[in-house]
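The analysis underlying the following values was restricted to heavy atoms, covering all of them including side chains, and did not include hydrogens, waters or symmetry mates.
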Amino acid sequence: LVKNVKPAYIKLIASLSELEKSATDDAGVWKFPEGNKYYFYALKNTTTTTLSPEEIFQTGLNEVKRIHGEMRAIMKAVNFNSDSLPEFFKFMKTGKQFYFANDSTGKKIYLNKSVAIIDSMRENLDKLFITKPKAKIIVKAVEPFREKSAGTAFYQDPAPDGSRPGIYYVNLFDMNAAPVYEMEALAYHEGIPGHHMQLAIAQELSDLPKFRKYNSSYTSYVEGWGLYAELIPKEIGFYQDPYSDFGRLSMELWRACRLVVDVGIHYKKWTREQAIQYLKDNTPSSDRECIKSIERYIVMPSQATAYKIGMLKILELREYAREKLGDKFDIREYHDMVLKNGAVPLDILKENIEHWINTKK
């Protein structure tokens, strides 16, 4: 190690120190030669659409405004003692009633409640889907050896040979970072009807080549479905607790704000501090989360735009199909058409839906 690895690190440190002399505080890719051209390409690649930075930025602003309005309606429904949204955000972040105890008992309650949410949704899948995966889904706590560095919640797809079920992992390392009001939306996104439906169904398709079955490279489709899956349970009667519905909205709001700050940084020449402040002013997220996220968006231009753009396209195509088909529209068939071709670019998804509409008509 001393003979081979150490000299390599010394060389790397020297190179970075040299680069630091010419580095600037500018955060966006606009600062590089042909930076705007690169960003247009990155957006096209990530969203699989031809939306311009300005269109994406305005979409983000519109969605933030709409979601804030829905949050204010929840404030009224729970008789909050102020009409200030930032004060409501603070209440939701700091209210002890929104967190289980940060001990083994609190963790067990959270895990059991997550299992109950998944079980309840499983019993209602027939309202939304014709095709359902053969693979089962289970809920597990993130293992102690990796819980400190792992995300809040995530999904592990099942083994193709059926030897392992799909797993919805919940991170119980710090219960103060796991608000109760986000439990439903997280379970729907990562588990069912979210990534488990999307990934397990794709794996089990018999008429697709392997590279299509296991393709998760179209982030706008994959994460667009995950975000859409947070919404559709509400349409069949879930989120009865208004605070839980606030949790759903807060997660959607975060994805809407991403459209604004990503374009802000990489196209509109926002500073790192401007972008951080936008998230602080418009979301209930912690200062630490806002800072961490902006630093992620700075080094991954366009990636953060995939979630909301994908969700909006799936919703747009659904309403287009509903309008064209009228009484012939069946949301279960629509979801089949979205999921039974594996992950695809959004323009291909549009072609698939249009073909389905024409076939039914």
SB check Arg272 Asp25 (cutoff 4.0 Å):
no
Is the backbone N or O of Val170 less than 3.5 Å from a side-chain atom of Lys140, with the two atoms forming a donor-acceptor pair by type?
no
For residues Val222 and Phe211: do they belong to one hydrophobic cluster (side chain heavy atoms under 4.5 Å, members Ile, Leu, Val, Met, Phe, Trp, Tyr)?
no
Measure from the ring center of Phe246 to the ring center of Tyr239 and say whether it is less than 6.0 Å.
no
Chi angles and distances behind the ring pair (Phe, Tyr, Trp, His ring centres under 6.0 Å) call for Phe91, Phe80
CA-CA 9 Å; Phe91 166 69; Phe80 188 62; 5.4 Å; yes
Between Leu346 and Lys350, is the side chain to side chain contact (heavy atoms under 4.5 Å, CB included) condition met? List the steps.
CA-CA 6 Å; Leu346 296 183; Lys350 181 182 178 182; over 6 Å; no
Assess whether a salt bridge exists between Glu184 and Lys113, defined as any Lys/Arg side-chain N lying under 4.0 Å from an Asp/Glu carboxylate O.
no
Is Lys132 paired with Asp126 through a side-chain N to carboxylate O contact shorter than 4.0 Å?
yes
Give a yes or no answer on whether the side chain of Thr305 reaches the backbone of Ser302 with a donor-acceptor pair at less than 3.5 Å.
yes
Kindly say whether the aromatic ring centers of Tyr155 and Tyr168 come within a distance under 6.0 Å.
no
Are a donor atom and an acceptor atom from the side chains of Lys127 and Asn124 found within less than 3.5 Å of each other?
yes
With ring centroids as reference points, do Tyr38 and Phe32 lie under 6.0 angstrom apart?
no
If you measure only the distance, is there a donor-acceptor pair under 3.5 Å linking the side chains of His335 and Tyr228?
yes
Which heavy atom of Val338 sits nearest a heavy atom of Leu349, and at what distance?
CA-CD1, 4.0 Å
Separation of Leu227 CG from Arg248 CZ (nearest 0.5 Å)
9.5 Å
Side chains of Glu289 and Ser293: donor-acceptor distance under 3.5 Å anywhere?
yes
What is the distance from atom NE2 of His195 to atom CD1 of Ile137, rounded to the nearest 0.5 Å?
11.0 Å
Quick one: do Arg66 and Glu63 make a salt bridge, cutoff under 4.0 Å?
yes
Asn282 side-chain N/O to Tyr278 backbone N/O, donor-acceptor pair under 3.5 Å
yes
With a sphere of 6.0 Å drawn around CD of Glu273, does it hold more than 12 non-hydrogen atoms of other residues, nucleotides or ligands?
yes
Does this structure show an ion pair linking Glu316 with Lys313, if we count only N-O contacts that are shorter than 4.0 Å?
yes
Exactly one of Glu147, Glu143, Glu190 clears side-chain hydrogen bond (donor to acceptor under 3.5 Å, both in side chains) with Tyr169, and that residue is Glu143
Spell out, as yes or no, whether a donor-acceptor pair under 3.5 Å connects the side chain of Lys213 to the backbone of Ala202.
no
d(Leu43 CG, Thr49 OG1) to nearest 0.5 Å is 7.5 Å
Note: Glu319-Arg322 ion pair, threshold 4.0 Å (strictly below)
yes
Ring-face cation of Arg318 near Tyr334 (centre distance under 6.0 Å, axis angle within 45°)
no
Using modelled atom types and a 3.5 Å cut-off, is there a donor and acceptor pairing between side-chain atoms of Glu204 and backbone atoms of Ile201?
no
Do Tyr39 and Asp262 have side-chain atoms, one donor and one acceptor, less than 3.5 Å apart?
yes
With distance as the sole test, does Tyr99 use its side chain to make a donor-acceptor pair with the main-chain N or O of Lys93 at under 3.5 Å?
yes
Can you confirm whether Lys340 is buried at NZ, in the sense that more than 12 heavy atoms of other residues, nucleotides or ligands lie under 6.0 Å from that atom?
no
Do Ser120 side-chain atoms and Ala116 backbone N/O form a donor-acceptor pair below 3.5 Å?
no
Ser220 and Thr48: side chain donor to acceptor below 3.5 Å:
yes
Looking at Lys324 and Glu354, does any basic side-chain N land under 4.0 Å from a carboxylate oxygen?
no
Between Thr131 and Asp336, is any side-chain donor less than 3.5 angstrom from a side-chain acceptor?
yes
Geometric cation-pi criterion Arg258 and Tyr297, 6.0 Å radius, 45° cone
no
Is a salt bridge present between Arg122 and Asp119, judged by a nitrogen-to-oxygen distance below 4.0 Å?
yes
Electrostatic pair Arg255:Glu230 at N-O distance under 4.0 angstrom
yes
